There are 2 protein chains.
Amino acid sequence: MAPRKKRTNDPEGMRRRVLDVAEGAFQARGYHASSLGDLMAAAGVTGGALHHHFPTKKALALAVIEERVAAAVQKTWIDPMLAASSAREGVRAVFEAVAAELERQGYVRGCPLNNLAHELSLADDEFRLALAKIFAGWRRAIADKIRADQQDGGEGGTDPDRFAALAVAAYSGAMSMAKTSQDAGVLRECLRGLESVHPSSGGLAMRRRRRVLLR
Amino acid sequence: MAPRKKRTNDPEGMRRRVLDVAEGAFQARGYHASSLGDLMAAAGVTGGALHHHFPTKKALALAVIEERVAAAVQKTWIDPMLAASSAREGVRAVFEAVAAELERQGYVRGCPLNNLAHELSLADDEFRLALAKIFAGWRRAIADKIRADQQDGGEGGTDPDRFAALAVAAYSGAMSMAKTSQDAGVLRECLRGLESVHPSSGGLAMRRRRRVLLR
DNA sequence: TTATAAACAGACCGGTTGTCCTGTTTTGTC
DNA sequence: GACAAAACAGGACAACCGGTCTGTTTATAA
């Protein structure tokens, strides 16, 4: 009786559990509002174990950013973009999918990347750089897709980097508003607006087209 | 000699000084990262005085949101929009002005509204509502300007609410990226993208135009 | 087995945080 | 001038935070 407690070392599992809890807490409450005590309790982890895997709170946040936030962007945006038949179709699909998912769960927690970016970018350069890297990869994926479309004969005069920047900005801003109003509708509104983006006048697109025509 | 210290009650001035400091600190470091001790020291205010004007930290933040953040949006966006010759020109002017200002000061602190919205929207419903109200007024100002343009014969098939949502989202998201990369250039990229928004196909615009043509 | 390091437990500590409370001074009113 | 209320000063405090420290248990390799 009184079965002796048996401990089983599972470093990877413990690390994963901590990251799971931290990812959720940072997303829902933010970095500063999440205490290590809360995380320890939620993950069922002692202080010694937590400190063993993540010496400081900053190290934990950095791991969340580099492993979890980056992965979330990859899964939500980059993978669907690679799989899409075109850049525009990919953007549309992601907006729709996210809006539908938010409406299904009836609650908007916001974009993980943007949430942390706002709170941590000015606090620490290491945070800022890690976050900026994810933004850059996100934009690059969209721009590359536009370029691929153009090699296939589509997307005539659209400037890839410009469209990518606008798509990411529109999504980020729309999520910000959706979070504040707790209503995913604005995502769809912004998508409709995005779909009206065409290189019809001015800018680099015009210049490019002209050059081609003069040849 | 030893001139007796004379105190002069100046409730409004003291309140203003506290709000000034709090506005700056919340913007630069965020709500949770700004302690009342820091604010008191920076404003040269004692605990008693602070507590007299703002019973809790939350009350202070609410005042910052309702008085300062709302005023900032009014000054930066709504007033220029009202003064502009058209909605598109107004949006362009604001983007350019903000980008130029950021480049002048060589530092991007981000959008006050978005900064606080991300940190506080999920923390407290009172915060969230106050912030949502400012977002709504911002979008309404732009949409109203589009409607005014349409009454003057311009902006044919542009959907006012849709364009307004996209403009606000693009600005918010662009500022988010600018803050993270500490580079205002993305603001200009997004502006160029926004300028390519025309009601040329799909959506309500298409339906409207078709209806006109069929008459 | 034995040595060796990694993995984990849990108490501990100095510093900070937001708030409250008791006084004192100033201001307005009769 | 008397008096009440507002404005302000400043200390006290309990809760909490992040980090450190020491000690124990588990896994690994010789």
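These numbers come from a predicted model, not from an experiment. By convention in this document, chain letters (A, B, ...) are assigned in the order of the sequence lines, proteins followed by strands, and residues within each chain are numbered from 1.
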So does A/E101 pair up with A/R104, basic N to acidic O under 4.0 Å? yes
When the distance from CD of B/E12 to P of C/dG28 is rounded to whole Å, what number comes out? 11 Å
Could you pick out which residue, B/N9 or B/D38, lies toward the 5' side of DNA chain C when each is mapped onto its nearest nucleotide? B/D38
Without hydrogens or angle criteria, can the side chains of A/K179 and A/N115 be said to hold a donor-acceptor pair below 3.5 Å? yes
Taking only side-chain nitrogens and oxygens of A/H51, does any of them come within less than 4.0 Å of OP1 or OP2 of D/dG19? no
Should B/R92 and B/E89 count as an ion pair when the cut-off is N to O under 4.0 Å? yes
Taking OP1 and OP2 of C/dT17, is either one under 4.0 Å from a side-chain nitrogen or oxygen of B/S35? yes
Does B/H52 make a side-chain N or O approach to OP1 or OP2 of D/dC8 shorter than 4.0 Å? no
Which one, C/dA9, D/dG19, C/dT19, comes nearest to the side chain of A/A49? C/dA9
How many whole angstroms separate atom CG of A/D10 from atom P of C/dA7? 11 Å
When you measure from the side chain of B/R7, which nucleotide among D/dG19, C/dT25, D/dT25 comes out closest? C/dT25
Does B/H53 reach a base, just sugar-phosphate, or nothing at all? Heavy atoms under 4.0 Å. sugar-phosphate
Report the distance from atom CZ of B/R17 to atom C1' of D/dA7, rounded to the nearest whole Å. 13 Å
Honestly, is B/K57 close enough over B/Y31, meaning NZ or CZ under 6.0 Å from the six-membered ring centre and within 45° of the axis? yes
Between C1' of C/dT16 and CZ of B/R29, the distance in whole Å: 15 Å
Without decimals, in angstroms, what is the distance between A/L39 CG and D/dC17 P? 10 Å
Which nucleotide in C/dT27, D/dC8, C/dG18 has an atom nearest any side-chain atom of B/M14: D/dC8
Whole angstrom is fine here: how far is it from CZ in B/R15 over to P in D/dA6? 16 Å
Among C/dC8, C/dG18, D/dA27, which nucleotide sits nearest the side chain of A/P11? C/dC8
5'-most contact on DNA chain D: B/V45 or A/T8, nearest heavy atom basis? B/V45
Please give, in whole Å, the distance from D/dG18 P to A/F54 CZ? 15 Å
Is the centre of the A/H118 ring less than 6.0 Å from the centre of the B/H118 ring? yes
Spacing of B/L60 atom CG relative to C/dT17 atom C1', expressed in whole Å: 15 Å
